[in-house]
Amino acid sequence: MTVRQIEHVIAGTVPASVRFGDVFDPNAGCVQARVTLGDAAVLDVAVQAALKAQPGWAATNPQRRARVMFAFKALVEKNIDELARLLSLEHGKVIADARGDIQRGLEVIEFACGIPHSLKGEYTQGAGPGIDVYSMRVPLGIGAGITPFNFPAMIPMWMFGVAIACGNAFLLKPSERDPSVPVRLAELMLEAGAPEGILQVVHGDKEMVDAILDHPAISAISFVGSSDIAQYIYARGTANAKRVQAMGGAKNHGIVMPDADLDQVVNDLAGAAFGSAGERCMALPVVVPVGEKTATALREKMIPAMAKLRIGVSSDPDSDYGPVVNAAHKARVEGWIQKGVDEGAELVVDGRGFRMQGHEEGFFIGPSLFDHVKPTMQSYKEEIFGPVLQIVRADTFEDAVRLPSEHQYGNGVAIFTRNGHAAREFAARVNVGMVGINVPIPVPVAYHTFGGWKRSAFGDHNQHGPEGVRFWTKVKTITQRWPDGSPDAGSSFVIPTMA
Ligand code: NAD
């Protein structure tokens with residue numbers, strides 16, 4: 001049987017590939033396609049096409065650029081069933097969740113449709129005698145995005161939606177584990193009217209990423225993935241004088257105050273900890289009940305709720321969550337469960353050894369629950385990125401604020417309470433970038449901005465919203481004077497002031 005091959009989307013002819021990566025079907029546990037892995041020579045073909053296309057695109061007025069984004073949004077909506085199926089088939093998340101992945105990306109495209117407004121500059125009439133000052137936001141040139149496997153639609157759209165609307169050309173290096181949807185998105189951008197070379201997809205692994213980091217014509221790099229790689233991207237990219245934003249891993253805590261509605265909390269936790277098999281950077285894999293009574297009650301309610309979870313093939317509308325992305329990731333998650341046991345945490349529910357009838361080779365993992373997890377444990381400190389929920393008991397509200405604040409990651413956090421004062425205090429004091437108050441997955445809407453703190457993000461600008469526009473543009477400031485022709489006062493040798 002011939003295996004489907006996933007190619008780059010490049011406006012030019014590239015050298016034939018000699019390296020390929022396997023793309024698995026996580027439900028069946030077998031290879032379903034292979035993706036071509038590019039190198040510096042392939043990248044350079046794409047860069048040359050981008051260099052050719054970008055000046056014309058930057059000179060296209062913002063309203064016309066926005067029209068391409070409108071057309072793209074309509075095309076994605078028209079094709080959403082096909083895209084969601086493709087995404088689910090490679091990633092393993094259930095179809096409804098795959099649609100959510102696409103929809104969240106489309107919301108950034110909707111933001112990008114308003115780009116003329118976002119690009120308006122500032123103006124001061126009469127900043128000095130006969131002098132006006134104004135600023136304009138101009139595109140950087142060529143931007144690149146390196147994206148993770150867990151949101152193959154949303155995260156590319158976070159990046160290229162804003163970058164392209166701002167007038168840049170964009171090179172997308174998607175995860176080699178689920179590259180098909182990014183390819184389809186690039187095809188739909190072309191169909192929507194984006195000129196050739198404005199959005200290209202270059203596949204690859206570290207070799208391609210390093211080529212991107214070192215290519216002198218690429219001005220800015222946006223990365224989302226795990227923290228060690230994010231830090232590497234940030235260090236090497238900035239050393240090469242590029243603008244870099246690099247989002248990393250997470251370990252989000254859900255604080256449960258004694259006055260919280262526990263039934264609601266358990267519902268919210270089930271979705272936030274186990275949805276998408278826990279493969280979300282905004283999942284809630286740690287729950288912190290405040291007080292022994294809260295902990296005992298929460299644990300008692302959580303166990304039966306977990307027993308009701310339906311793990312199944314990702315195309316089954318009745319499945320709550322599907323398999324993890326590949327065998328290596330499955331082994332990694334199960335390794336962390338064992339580590340938790342070895343470190344002395346109590347494994348209350350063990351999801352290992354789960355076999356899906358008829359899909360015995362699939363990468364399925366049942367839900368796991370740990371209690372009495374301690375902040376000193378490695379399995380608490382590190383990201384597991386699987387369907388594993390850890391209970392870390394706190395005695396007081398102060399302890400609960402301290403746990404996420406002192407954790408190495410600071411992506412998201414949530415507090416569940418009926419007490420507005422406690423919630424307000426928590427939101428103000430916790431050392432984390434995105435906070436939910438009775439909202440388990442506090443992913444900000446597209447016209448706000450997404451980004452964590454500490455080891456969850458390197459660089460200064462967040463993703464999308466006004467921060468995204470700032471990241472993908474630079475500011476030019478013009479000071480203008482139009483003399484009326486009357487005689488000049490002659491040279492001045494002092495710095496001009498407005499005194
Ligand atoms: P990953 O770090 O393995 O891969 C991300 C990208 O980096 C991929 O495109 C991959 O090809 C590339 N890459 C991998 N190894 C590399 C290396 N040695 N050198 C250069 N490039 C390399 O991440 P993943 O497993 O695809 O995604 C899951 C991770 O992403 C989790 O840690 C998750 O928390 C994180 N994530 C973070 C956010 C956020 O916004 N903070 C969002 C989604 C996912």
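Each ligand, and each atom within it, is numbered from 1 in the order the structure gives.
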*Do you know the tightest heavy-atom contact between V108 and M157?*
CG1-O, 3.6 Å
*Are H253 and Y380 close enough that their ring centers fall under 6.0 Å?*
yes
*asked:* Show the atoms of ligand 1 that are less than 4.0 angstrom away from any heavy atom in V209.
replied: 20 (C), 21 (N)
*Nearest heavy atom to atom 1 (P) of ligand 1 wins, so pick from S226, G433, A457.*
S226
*Measure from NZ or CZ of K93 to the centre of the six-membered ring of F151, then state whether that distance is under 6.0 Å and the direction lies within 45° of the axis.*
yes
*asked:* Heavy atoms only: which of G225, A283, G249 lies closest to atom 35 (C) of ligand 1?
replied: G225
*asked:* Need the ligand 1 atom indices (1-based, order shown) with element for anything under 4.0 Å from a heavy-atom of F385.
replied: 28 (C), 31 (C), 33 (C), 34 (O)
*May I ask you to identify, for D210, whether its side chain, its backbone, both or neither come under 4.0 Å of ligand 1 on a heavy-atom basis?*
neither
*For ligand 1, which part of E383 has a heavy atom less than 4.0 Å away: the side chain, the backbone, both, or neither?*
side chain
*K173 to ligand 1: N or O pair under 3.5 Å?*
yes
*Please report which non-hydrogen protein atom sits nearest to atom 10 (C) of ligand 1, along with the residue it belongs to and the distance in Å to one decimal place.*
E176 OE1, 3.6 Å
*asked:* Does the protein come close to atom 4 (O) of ligand 1 - that is, does one of its heavy atoms sit below 4.0 Å from that atom?
replied: no
*asked:* Using the rule given for ring-ring contact (aromatic ring centres under 6.0 Å, His included), can you reason through F160 versus F72, listing the C-alpha separation, both sets of side-chain angles and the distance that settles it, and then say yes or no?
replied: CA-CA 12 Å; F160 77 70; F72 173 67; 5.8 Å; yes
*At what distance is the nearest protein heavy atom to atom 7 (O) of ligand 1, and which residue and atom is it?*
F223 CE1, 3.3 Å
*How far is atom 16 (C) of ligand 1 from its nearest protein heavy atom, and which residue and atom is that?*
I229 CD1, 3.5 Å
_If the condition is side chain to side chain contact (heavy atoms under 4.5 Å, CB included), which residues does S175 pass it with, not counting sequence neighbours?_
F149, R177, D178
*Nitrogen or oxygen of G248 less than 3.5 angstrom from that of ligand 1*: yes
*At the 4.0 Å heavy-atom cut-off, does F151 count as touching ligand 1?*
no
*asked:* Applying a heavy-atom cut-off of 4.0 Å, say which part of R177 lies close to ligand 1: side chain, backbone, both or neither.
replied: side chain
_For atom 42 (C) of ligand 1, what is the closest protein heavy atom, and at what distance to 0.1 Å?_
C281 SG, 2.9 Å
*Rounded distance (nearest 0.5 Å) linking atom CZ of F274 with atom CZ of R280*: 12.0 Å
*Relative to the heavy atoms of I146, which atoms of ligand 1 are at a distance of less than 4.0 Å?*
6 (C), 7 (O), 9 (O)
_Using the ring centroid of each side chain, check whether F170 and W57 are separated by less than 6.0 Å._
no
